[in-house]
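Just below is one structure, and these are the notes that go with it.
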Amino acid sequence: MSSHETRPCVPDLKKERLKCDFNVEELTNLIDGGKEKTALRRKLRSVISSESAYIDPIPPEYMSHEDQFSNELRKTCHTAMLMNKQNIDIKTLQLSKAYIGVLKDGDPLWVHYHVFIPSITGQSDPEQQKIWMEKIRTWKIFGTYAQTELGHGTFLRGLETTATYDRETREFILNSPTITATKWWPGGLGHTVNFAAVMAQLYVGGKCYGPHMFMVQLRDENTHESLPGVTLGEIGPRFGLNTNGNGFLRFDHYRIPRRNMLMKHAQVLEDGTYVKPSHSKLSYGTMVRVRVGIVRDTCIQLQQAVTIATRYSAVRHQSELIPGEPEPQILDYQTQQFKILPQISSVFALFFAANSVIDAYYSVTAQMDLGDMSLLPELHALSSGLKALSASDASRGVEICRLSCGGHGYLASSNFPRLYTQTTCAITYEGENTVLWLQVARYIIKSYRSAQNGNNLKHSVSYLSKQPRPVRGDLSNNGLLEAFKAAVFKLVSDTEGRIQRVCAKGQNYHMAWNQCSLQLLKCAEAHTRFYVCEQFVRKVEMAKGTENVKKILKNLCRLYLTHHVSVNSGDFLKSGSLSQNDIAVLEEEMCSLLEVLRPQAVSIVDAFDFDDGQLNSCLGCWDGDVYQRLYDEALKSPLNKTDVPEAYYKYLRPLMQVGLKSSL
Ligand SMILES: CCCCC/C=C\C/C=C\C/C=C\CCC(=O)SCCNC(=O)CCNC(=O)[C@H](O)C(C)(C)COP(=O)(O)OP(=O)(O)OC[C@H]1O[C@@H](n2cnc3c(N)ncnc32)[C@H](O)[C@@H]1OP(=O)(O)O
Ligand SMILES: Cc1cc2nc3c(=O)[nH]c(=O)nc-3n(C[C@H](O)[C@H](O)[C@H](O)COP(=O)(O)OP(=O)(O)OC[C@H]3O[C@@H](n4cnc5c(N)ncnc54)[C@H](O)[C@@H]3O)c2cc1C
């Protein structure tokens with residue numbers, strides 16, 4: 001039973017919480033990664049929530065662009081100070097969910113912590129790390145990751161910023177030769193950071209060696225003024241995340257010492273000798289790491305959205321289910337359950353997938369540190385696929401949750417607009433999704449061809465070694481996983497065959513690839529979906545705990561499988577791995593799972609254990625007092641300060657006084 005049950009809430013939510021048939025705390029512990037982690041998160045949360053510095057003076061929606069930025073910078077700097085004072089590692093805070101809700105619409109130091117620091121630790125040699133990390137630790141250096149330019153974000157070989165080695169002075173000269181070479185987007189670049197890890201084309205002795213990373217000071221450490229040869233600014237309001245301080249940067253023949261090239265993997269020696277890395281894509285390592293982290297971040301954003309939608313759906317009553325009877329909770333409508341419960345199952349699918357890709361990341365990078373690069377392509381494909389799938393599933397999920405709350409979901413005070421802009425931008429940043437899907441497809445097609453040539457495949461693509469033969473009519477979890485394999489195999493073999501046919505007609509391979517790219521996208525998504533399903537099934541099989549928690553996990557897993565079979569039924573039918581009758585049986589099972597899970601829905605989202613401050617939503621509060629909160633929040637609008645606004649006297653009254661001249 002829920003440990004929160006005694007806290008006051010509206011009768012609808014009380015009734016829901018009384019239906020709970022599992023240990024909510026146990027599920028919370030599972031999601032946190034153990035009892036100790038739950039305790040640590042709550043301890044951190046109590047530190048955070050007792051800080052008056054985190055209270056916004058007015059709702060940020062009513063602040064100017066400048067004030068919003070300043071307010072969030074104030075809070076993020078306060079956090080650094082606070083963690084220092086409390087002797088808490090800031091990374092521990094950020095990796096627990098405790099910090100959620102403090103920063104409302106971005107964090108000017110997010111890229112510093114999550115992209116810049118990993119670049120320094122992952123791309124510089126031990127001596128460089130020692131110097132820079134000490135300055136980072138003592139807050140002398142705040143940095144960003146400056147890669148994207150006005151002209152190119154995706155195609156890194158097309159970047160135009162140059163870093164030319166001057167053997168005489170032993171310096172690199174950074175230059176932005178064109179307008180399109182302007183660095184554009186890096187978080188915090190505008191007015192926050194004083195350093196950047198800059199991706200630039202390395203030139204030595206007139207030869208281009210491709211994109212490499214450089215540590216570049218941009219602002220004076222004392223005055224914070226931009227240094228001569230550096231032009232900086234902010235890029236203006238965005239769709240969301242308006243306080244991330246995204247900026248632009250131009251170099252005018254700006255000189256940095258030779259040792260400011262990040263030299264863990266490649267080096268330029270004093271005499272200009274270029275020492276190449278053991279793998280040409282090692283300088284892209286930061287992106288792999290950040291993509292892995294995005295799976296977890298988007299999962300947490302979806303947790304917030306489903307918590308809001310589920311609680312609201314238990315409180316909201318609308319229409320009649322049975323004529324003449326009282327209006328039911330909207331959660332009783334099957335269509336509403338179908339909006340929300342698959343999103344809850346998605347949270348768990350992403351949660352298990354995030355854990356497995358994080359494990360894979362650490363084991364592959366440990367192997368790479370010993371010089372074995374063989375698993376890098378697998379890690380690249382896995383991290384790219386899971387980043388793309390998690391960002392698009394979470395973003396779609398948040399939007400479905402918003403829609404499930406009707407009109408009130410459209411209010412800023414529901415917090416859906418912010419959750420949506422946070423998840424949808426993850427589709428774009430750190431590798432645009434389509435582009436990443438095509439990277440996954442490249443790996444799958446290459447693997448499939450290798451198998452066709454008699455080689456044995458390993459890891460996530462091993463099932464492409466030979467045609468899977470699922471047992472007809474086996475609709476168990478393992479049976480469905482076999483059906484998935486067969487469906488993906490068919491998609492991949494058909495697509496590869498089509499590429500070959502297009503080539504046979506005289507088209508070159510690259511054009512054939514482009515002509516088949518819609519199918520390639522499908523292959524990539526289906527392969528990654530299969531991976532997520534497999535992880536879900538295996539992790540639930542291995543889960544320890546009480547029977548009732550295991551039952552919840554099993555039902556959610558089954559809902560995830562049946563839902564995705566239903567959505568992609570055409571692929572299963574085409575491959576012959578499932579029959580029409582199988583699909584019908586599974587869809588019926590999916591509907592009964594909605595009914596089975598519905599009474600537990602509120603308690604499952606309670607287990608995500610967000611407090612009201614974190615959800616920041618009138619619709620998702622613990623006590624369900626939705627209508628009073630909506631009303632109170634509306635009263636905060638500056639327009640409500642006066643009965644008759646200034647704009648009436650300026651515009652509406654003169655118009656009303658003139659009146660219509662004719663009766664047109
Ligand atoms: C309320 C509080 C909220 C707080 C804030 C919340 C959120 C945060 C907000 C903002 C976001 C923050 C950060 C975002 C940071 C960024 O976006 S940084 C910029 C990221 N940019 C990208 O990701 C660029 C995408 N492009 C690429 O990754 C590559 O260029 C490419 C498209 C993959 C292709 O590269 P290219 O050099 O052209 O390679 P090519 O196509 O020639 O392929 C060669 C082979 O290399 C393989 N490969 C490519 N990448 C990698 C890699 N990373 N690792 C390993 N291998 C790689 C590729 O598959 C090819 O292999 P083959 O064997 O030849 O097939
Ligand atoms: C909120 C936010 C924060 C960011 N933070 C940073 C940061 O801190 N540092 C940084 O360096 N960058 C940052 N970026 C930039 C981000 O990484 C890029 O925007 C992203 O990688 C996409 O690149 P692009 O903008 O050039 O898009 P484009 O590549 O121009 O994409 C436009 C369209 O073209 C399509 N397309 C492009 N190439 C192909 C292809 N090969 N095949 C098929 N279709 C293709 C895409 O699918 C897309 O539909 C940020 C962006 C955002 C939105």
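Counting begins at 1 with the first residue of the sequence.
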Checklist entry - What distance do Ile48 atom CD1 and Thr79 atom OG1 have between them, rounded to the nearest 0.5 Å? => result 5.5 Å
Item to check | Inter- and intrachain pairs under salt bridge (charged side-chain N to carboxylate O under 4.0 Å, His left out), touching residues 125-135, at least two apart | outcome: Asp125-Arg259, Glu127-Arg259, Glu134-Arg137, Lys135-Glu221
Next on the checklist: Under a 4.0 Å threshold between the charged nitrogen and the carboxylate oxygen, would Lys97 count as salt-bridged to Asp297?
Outcome noted: no
Next on the checklist: Under the rule for side-chain hydrogen bond (donor to acceptor under 3.5 Å, both in side chains), what residues qualify as partners of Arg41, not counting sequence neighbours?
Outcome noted: Asp32, Asp609
Item to check | Of all pairs that satisfy side-chain hydrogen bond (donor to acceptor under 3.5 Å, both in side chains), the ones with a partner from residues 280-293, not counting sequence neighbours | outcome: Ser119-Thr286
Checklist entry - With a 4.5 Å limit on heavy-atom distance, are the side chains of Phe155 and Val435 in contact? => result no
Item to check | N/O donor-acceptor pair under 3.5 Å between Glu149 side chain and Thr161 backbone | outcome: yes
Item to check | Sub-6.0 Å ring centroid separation between His564 and Tyr560 | outcome: yes
Checklist entry - Would you say the side-chain atoms of Gln614 pair up with the backbone N or O of Ile100, donor to acceptor, closer than 3.5 Å? => result yes
Checklist entry - Going by atom types alone, do Asn478 and Ser476 pair a side-chain donor with an acceptor below 3.5 Å? => result no
Checklist entry - Do side-chain atoms of Asn244 reach the backbone of Asp107 as a donor and acceptor pair under 3.5 angstrom? => result yes
Checklist entry - With a 4.5 Å limit on heavy-atom distance, are the side chains of Phe536 and Asn477 in contact? => result no
Next on the checklist: Determine whether a donor-acceptor pair (N or O, by modelled atom type, separation under 3.5 Å) exists between the side chain of Lys183 and the backbone of Gln147.
Outcome noted: yes
Checklist entry - Which residues pass the side-chain hydrogen bond (donor to acceptor under 3.5 Å, both in side chains) test with Glu160, sequence neighbours left out? => result Thr178, Thr180
Next on the checklist: Can a side-chain donor-acceptor contact be found between Thr546 and Asn23 if the only test is distance below 3.5 angstrom?
Outcome noted: no
Checklist entry - Ala200 and Thr162: which non-hydrogen atoms are nearest, and at how many Å? => result CB-C, 4.1 Å
Item to check | For Glu72 against Gly106, the heavy-atom pair lying closest together | outcome: OE2-O, 3.9 Å
Item to check | Donor + acceptor pair across side chains of Thr121, Gln129 (<3.5 Å) | outcome: no
Item to check | Pairs involving residues 256-281, ordered by first then second residue, that meet ring-ring contact (aromatic ring centres under 6.0 Å, His included) (sequence neighbours left out) | outcome: Tyr209-Tyr274, His212-Tyr274
Contacts under 3.5 angstrom, residues 482-492 side chains, donor-acceptor by atom type, not counting sequence neighbours:
unit_1 : atom_1 : unit_2 : atom_2 : d
Glu482 : OE2    : Lys485 : NZ     : 3.0
Lys490 : NZ     : Asp494 : OD1    : 3.3
Lys490 : NZ     : Asp494 : OD2    : 3.1

Checklist entry - Between the side chain of Gln217 and the main-chain N/O of Asn194, is any donor-acceptor distance below 3.5 Å? => result no
Next on the checklist: If the condition is side-chain hydrogen bond (donor to acceptor under 3.5 Å, both in side chains), which residues does Thr428 pass it with, not counting sequence neighbours?
Outcome noted: none
Checklist entry - Leu262 versus Met215: any side-chain heavy-atom pair under 4.5 Å? => result yes
Item to check | For Asn29, side-chain contact (heavy atoms from CB on, under 4.5 Å) partners two or more places apart | outcome: Glu25, Lys35, Thr38
Checklist entry - Are Asn260 and Trp132 close enough that some pair of their side-chain heavy atoms sits under 4.5 Å apart? => result yes
Next on the checklist: Let me confirm one number: the CZ-OG distance from Phe214 to Ser124, rounded to the nearest 0.5 Å.
Outcome noted: 13.5 Å
Checklist entry - Are the side chain of Gln128 and the backbone of Met261 linked by a donor-acceptor contact shorter than 3.5 Å? => result yes
Checklist outcome for this item: Taking every heavy atom of Val461 against every heavy atom of Ser447, the minimum-distance pair comes out as CG2-OG, 3.8 Å
Checklist outcome for this item: Note: Gly143 and His112 closest approach over all heavy atoms is N-ND1, 3.0 Å
Item to check | Over all atoms of both residues, closest heavy-atom pair of Ala98 and Leu93 | outcome: CB-CD1, 4.2 Å
Checklist entry - Can Leu379 and Tyr361 be said to form a side-chain contact (heavy atoms from CB on, under 4.5 Å), step by step? => result CA-CA 7 Å; Leu379 179 64; Tyr361 176 80; 3.9 Å; yes
Checklist entry - Do you know the tightest heavy-atom contact between Leu249 and Ala146? => result CD2-CB, 4.4 Å
Checklist entry - Within a radius of less than 6.0 Å around NZ of Lys539, do more than 12 heavy atoms belonging to other residues, nucleotides or ligands occur? => result yes
Checklist entry - Mind checking what makes side-chain hydrogen bond (donor to acceptor under 3.5 Å, both in side chains) contact with Tyr165, not counting sequence neighbours? => result none
Checklist entry - Has the side chain of Glu378 got a donor or acceptor atom that lies under 3.5 Å from a matching backbone atom of Ser460? => result yes
Checklist entry - Partners of His152 by ring-ring contact (aromatic ring centres under 6.0 Å, His included), sequence neighbours excluded? => result none
Checklist entry - Just by distance, do the side chain of Ser395 and the backbone of Ser392 share a donor-acceptor pair under 3.5 Å? => result no
Item to check | Glu525 vs Trp437 side-chain heavy atoms within contact, under 4.5 Å | outcome: yes
Item to check | Spatial distance of atom CD1 (Ile300) from atom OG1 (Thr423) [nearest 0.5 Å] | outcome: 13.5 Å
Item to check | Tyr145 and His114: side chain donor to acceptor below 3.5 Å | outcome: no
Checklist entry - Any side-chain heavy atom of Ile445 within less than 4.5 Å of one from Trp513? => result yes
Checklist entry - Can you list every pair that meets salt bridge (charged side-chain N to carboxylate O under 4.0 Å, His left out) and has a residue in residues 85-96, with sequence neighbours left out? => result none
Checklist entry - Judged by modelled atom types alone, do Asn433 and Lys387 share a side-chain donor-acceptor pair under 3.5 Å? => result yes
Next on the checklist: Could you check whether any side-chain N or O of Gln201 sits under 3.5 Å from a backbone N or O of Leu159, counting only pairs where one atom can act as donor and the other as acceptor?
Outcome noted: yes
Next on the checklist: Looking only at the side chains, is there a donor atom on one of Ser384 and Tyr443 sitting less than 3.5 Å from an acceptor on the other?
Outcome noted: no
Next on the checklist: Evaluate Thr495 against Tyr448 for side chain to side chain donor-acceptor pair (under 3.5 Å), listing each step before the verdict.
Outcome noted: CA-CA 11 Å; Thr495 307; Tyr448 174 80; over 6 Å; no
Next on the checklist: With heavy-atom distances below 4.5 Å as the criterion, would you say the side chains of Val216 and Phe195 are in contact?
Outcome noted: no
Next on the checklist: Working to the nearest 0.5 angstrom, can you tell me the gap between Ile136 CD1 and Ile131 CD1?
Outcome noted: 11.5 Å
Next on the checklist: Using only atom types and a distance under 3.5 Å, with no angle test, would you say the side chain of Gln86 pairs donor to acceptor with the backbone of Ile88?
Outcome noted: no
Listing, residues 342-351 side-chain donor-acceptor contacts under 3.5 Å, not counting sequence neighbours, or none:
unit_1 : atom_1 : unit_2 : atom_2 : d
Ser345 : OG     : Pro342 : O      : 2.8

Checklist entry - Can you check whether Val306 reaches Val398 side chain to side chain, under 4.5 Å on heavy atoms? => result no
Checklist entry - What's the spacing between Leu481 CG and Cys533 SG if we round to 0.5 Å? => result 7.0 Å
